[in-house]
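Only one structure is covered here, and it is reproduced in the block below.
Side chains are part of it too, since the values below use all heavy atoms of this structure and drop only hydrogens, waters and symmetry mates.
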Amino acid sequence: MADSGITESSLKNALTERLKATHVEVTDMSGGCGQSFTSLIVSPQFAGLNSLKRHRAVNAALKDEIAAIHAWSAKCQTPEEWERDNAKNSGVSKPPMNGTVRGKVEGTDA
């Protein structure tokens with residue numbers, strides 16, 4: 001599979017800028033080839049939006065990037081939700097890793 005040129009850093013920067021995110025974590029689950037990412041995005045712009053509308057906002061903000069990769073997942077929270085979850089989880093909050101083996105997508109060679 002060809003390298004998409006999309007990186008954890010480029011996605012983090014785009015999300016921070018385009019969604020005014022206060023906290024962003026992006027994890028490349030493809031083993032470094034830039035084809036599968038998961039993320040945790042904290043933005044005040046998510047306030048008052050349901051999960052579907054939050055994900056639509058993220059997908060619109062990353063339209064070109066998402067078109068260049070194979071898989072994308074996001075956990076979208078307001079700053080208040082993120083702080084609440086951090087307090088419950090002793091300060092540990094990570095992007096979703098469902099469907100992975102040790103944070104990598106099964107079947108990738110990278």
Side-chain angles (χ1 to χ4, degrees):
M1 203 173 287
D3 184 341
S4 68
I6 306 297
T7 66
E8 292 174 354
S9 179
S10 69
L11 289 170
K12 181 177 180 175
N13 291 339
L15 289 163
T16 300
E17 179 183 319
R18 297 173 195 167
L19 292 174
K20 308 299 183 237
T22 57
H23 181 83
V24 178
E25 295 177 33
V26 178
T27 302
D28 182 345
M29 299 187 315
S30 63
C33 73
Q35 288 295 311
S36 180
F37 295 91
T38 187
S39 64
L40 168 64
I41 307 159
V42 180
S43 173
Q45 291 186 4
F46 297 145
L49 300 179
N50 64 27
S51 180
L52 179 61
K53 288 181 181 178
R54 292 175 183 193
H55 283 85
R56 284 181 176 164
V58 171
N59 290 349
L62 295 180
K63 181 180 177 187
D64 294 336
E65 290 87 347
I66 290 173
I69 62 177
H70 174 71
W72 169 256
S73 67
K75 180 177 181 180
C76 305
Q77 295 184 304
T78 65
E80 295 78 16
E81 292 166 341
W82 184 64
E83 289 173 17
R84 179 199 64 217
D85 286 358
N86 263 350
K88 278 197 277 187
N89 298 323
S90 301
V92 177
S93 182
K94 296 290 180 192
M97 294 293 180
N98 303 358
T100 70
V101 175
R102 292 178 298 284
K104 304 295 178 208
V105 177
E106 278 192 74
T108 59
D109 295 332

Side-chain heavy atoms of [X] within contact of [Y], under 4.5 Å:
X	Y	value
Asn86	Gln77	no
Asp28	Thr7	no
Glu81	Val42	no
Phe37	Ile6	yes

Between [X] and [Y], what is the shortest heavy-atom contact and its length?
X	Y	result
Lys75	Asp85	NZ-OD2, 4.1 Å
Ala68	Gln35	O-NE2, 3.8 Å
His55	Ala74	NE2-O, 2.7 Å
Ser43	Leu19	OG-O, 2.6 Å

| task | Sequence neighbours left out, what passes salt bridge (Lys or Arg N to Asp or Glu O under 4.0 Å) with Arg84? Give chain and number order. | result | none
| Glu65: side chain to side chain donor-acceptor pair (under 3.5 Å) partners, not counting sequence neighbours |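 Glu65 satisfies side chain to side chain donor-acceptor pair (under 3.5 Å) with Arg18 once adjacent residues are dropped.
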| note | The side-chain contact (heavy atoms from CB on, under 4.5 Å) partners of Glu83 (sequence neighbours excluded) come to none
| message | Working to the nearest 0.5 angstrom, can you tell me the gap between Gln45 CD and Lys53 NZ? | response | 15.0 Å
| query | What distance separates Trp72 CH2 from Met29 CE, expressed to the nearest 0.5 Å? | reply | 10.0 Å
| request: Keeping the roles fixed (side chain from Ser39, backbone from Ser73), state whether a donor-acceptor pair exists under 3.5 Å. | output: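 At least one qualifying donor-acceptor pair exists.
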| request: Please determine which of Ile41, Leu49, Asn59 meets the side-chain contact (heavy atoms from CB on, under 4.5 Å) test together with Arg54. | output: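 Per the side-chain contact (heavy atoms from CB on, under 4.5 Å) rule, the option paired with Arg54 is Leu49, out of Ile41, Leu49, Asn59.
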